[in-house]
Amino acid sequence: MSIKKNLLKILDDLPKEIILVAVSKTKSNEEIMEAYKVGQRVFGENKIQEMALKWSELPKDIEWHMIGHVQTNKVKYMSEFVSLIHGVDSLKLLKEINKQAIKHNRKINCLLQMHIAQEQTKFGLNEKELFELIDSYEFGNLKNVNVKGLMGMATFTDNEVQIRKEFSYLNSIYLKLKNRIPDLNVLSMGMSGDYRIAIQQGSTMVRIGSSIFGIRNN
Ligand SMILES: *Cc1c(COP(=O)(O)O)cnc(C)c1O
């Protein structure tokens, strides 16, 4: 199937209020432009330098989302243009994003990444760490970062009950946080294999790569 057909099929399947991040990591400009021509404008990358290169070469009305783990020393390469950083999981990183945002006289939208999966290797905060961060004096002083919501990844498993439980847990934390910060409007959860479950559990934004662009070789 072509990228165009894949994308149209996904769009047809998504409720219209759900935002689709087309995950284009490792994919070429030509492949991205196939999705762009169908009307897709939101793309997700997991390597900052790769995203910066694509930003410099592709149409400027593309919204670039950083969905991967972010190293503090690389924030500067995307601070001019990134439209949403999904994987923020420390105050240190938020402070650096704030600092770089000030340099560019803008506000940078961020999601706080939660650890909900059973795997040890994934990044993210637990519930206690999330509320400690939100309640900290320093967080209150970060005027150039806009926390829009939460992001999380479920365990990589075929067990749908497990996946549903993890997404439902993330949604419950999101709703608690929204009580404190009513402006939140993004719950980023769901990938090619589990986005339907994620939407049933309250996702507002899905990050889909292989179901649009085909499997990645690297
Ligand atoms: C690669 C990636 C995705 C997309 O995964 P697919 O299974 O290809 O849809 C989503 N979220 C994150 C954080 C990723 O790194």
Side-chain angles (χ1 to χ4, degrees), residues 1-15 18-28 31-32 34-35 38 40-52 54 62-71 74-75 78 82-90 93 97 109-125 148-160 162-164 166-167 170-171 174 186-218:
M1 281 243 280
S2 70
I3 290 170
K4 179 180 175 182
K5 278 186 185 158
N6 289 339
L7 177 57
L8 288 172
K9 194 161 154 255
I10 297 276
L11 288 171
D12 195 47
D13 195 36
L14 288 180
I18 304 288
I19 296 169
L20 170 64
V21 180
V23 176
S24 50
K25 59 191 185 195
T26 79
K27 299 297 171 181
S28 67
E31 290 168 298
I32 293 171
E34 280 189 51
V38 179
Q40 183 65 27
R41 291 295 181 271
V42 183
F43 291 88
E45 292 282 332
N46 70 339
K47 296 211 171 73
I48 293 173
Q49 274 130 326
E50 180 179 342
M51 180 172 78
K54 287 171 174 172
I62 290 179
E63 283 181 33
W64 292 102
H65 288 204
M66 174 41 56
I67 63 167
H69 180 66
V70 176
Q71 284 173 274
K74 292 193 177 155
V75 173
M78 63 174 167
V82 67
S83 68
L84 183 63
I85 304 176
H86 290 233
V88 180
D89 64 358
S90 72
L93 182 54
I97 295 168
N109 296 323
C110 295
L111 302 179
L112 296 170
Q113 183 174 356
M114 302 299 296
H115 179 101
I116 53 168
Q118 286 179 324
E119 290 116 359
Q120 293 295 315
T121 54
K122 288 184 180 159
F123 299 96
L125 302 161
K148 307 288 283 181
L150 300 177
M151 180 272 223
M153 272 183 279
T155 304
F156 188 71
T157 173
D158 289 336
N159 183 346
E160 287 199 10
Q162 176 73 24
I163 295 170
R164 190 175 297 281
E166 291 171 0
F167 284 149
L170 182 55
N171 186 227
Y174 174 69
V186 182
L187 179 55
S188 167
M189 61 183 196
M191 322 195 339
S192 292
D194 57 20
Y195 74 87
R196 289 188 182 88
I197 304 174
I199 290 168
Q200 287 165 357
Q201 301 306 316
S203 171
T204 70
M205 182 179 279
V206 294
R207 310 175 309 270
I208 298 181
S210 45
S211 292
I212 297 170
F213 294 103
I215 52 163
R216 291 175 296 270
N217 314 309
N218 45 357

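Counting starts at 1 for both ligands and their atoms, following the listed order. All values below come from the heavy atoms of this structure, side chains included, with hydrogens, waters and symmetry mates left out.
Residue-ligand proximity, Ser210 to ligand 1, at heavy-atom distances under 4.0 Å covers atoms 6 (P), 7 (O), 8 (O), 9 (O). Within ligand 1, the atoms closer than 4.0 Å to a non-hydrogen atom of Arg207 are 4 (C), 9 (O), 10 (C), 11 (N), 12 (C), 13 (C), numbered from 1 in the order shown. Those atoms of ligand 1 with a heavy atom of Ile208 less than 4.0 angstrom away are 9 (O). In summary, the atoms of ligand 1 found under 4.0 Å from a heavy atom of Gly209, numbered by their order in the structure, are 4 (C), 6 (P), 8 (O), 9 (O).
For atom 9 (O) of ligand 1, the closest non-hydrogen atom of the protein is Ser192 OG, 2.5 Å. For atom 12 (C) of ligand 1, the closest non-hydrogen atom on the protein side is Ile67 CD1, 3.5 Å.
Neither the backbone nor the side chain of Asn46 has a heavy atom within less than 4.0 Å of ligand 1.
Annotation: side chain of His65 is not in contact with side chain of Met51 (no heavy-atom distance under 4.5 Å). No side-chain heavy atom of Leu111 sits less than 4.5 Å from a side-chain heavy atom of Leu150. Side-chain contact between Ile163 and Thr155: absent, with no pair of heavy atoms (C-beta onward) separated by less than 4.5 Å.
The 12-atom threshold is not exceeded at CG of Asp158, counting heavy atoms of other residues, nucleotides or ligands nearer than 6.0 Å. Summarising the local packing, CD of Glu160 is surrounded by 12 or fewer heavy atoms from other residues, nucleotides or ligands at distances under 6.0 Å.
Between the side chain of Tyr195 and the backbone N or O of Met205 there is no donor-acceptor pair closer than 3.5 Å. At least one donor-acceptor pair under 3.5 Å links the side chain of Lys54 to the backbone N or O of Lys27.
His86 does not count as a contact of ligand 1, since none of its heavy atoms falls under 4.0 Å from the ligand.
Scanning Met191, Met66, Lys25 for the heavy atom closest to atom 2 (C) of ligand 1 points to Lys25.
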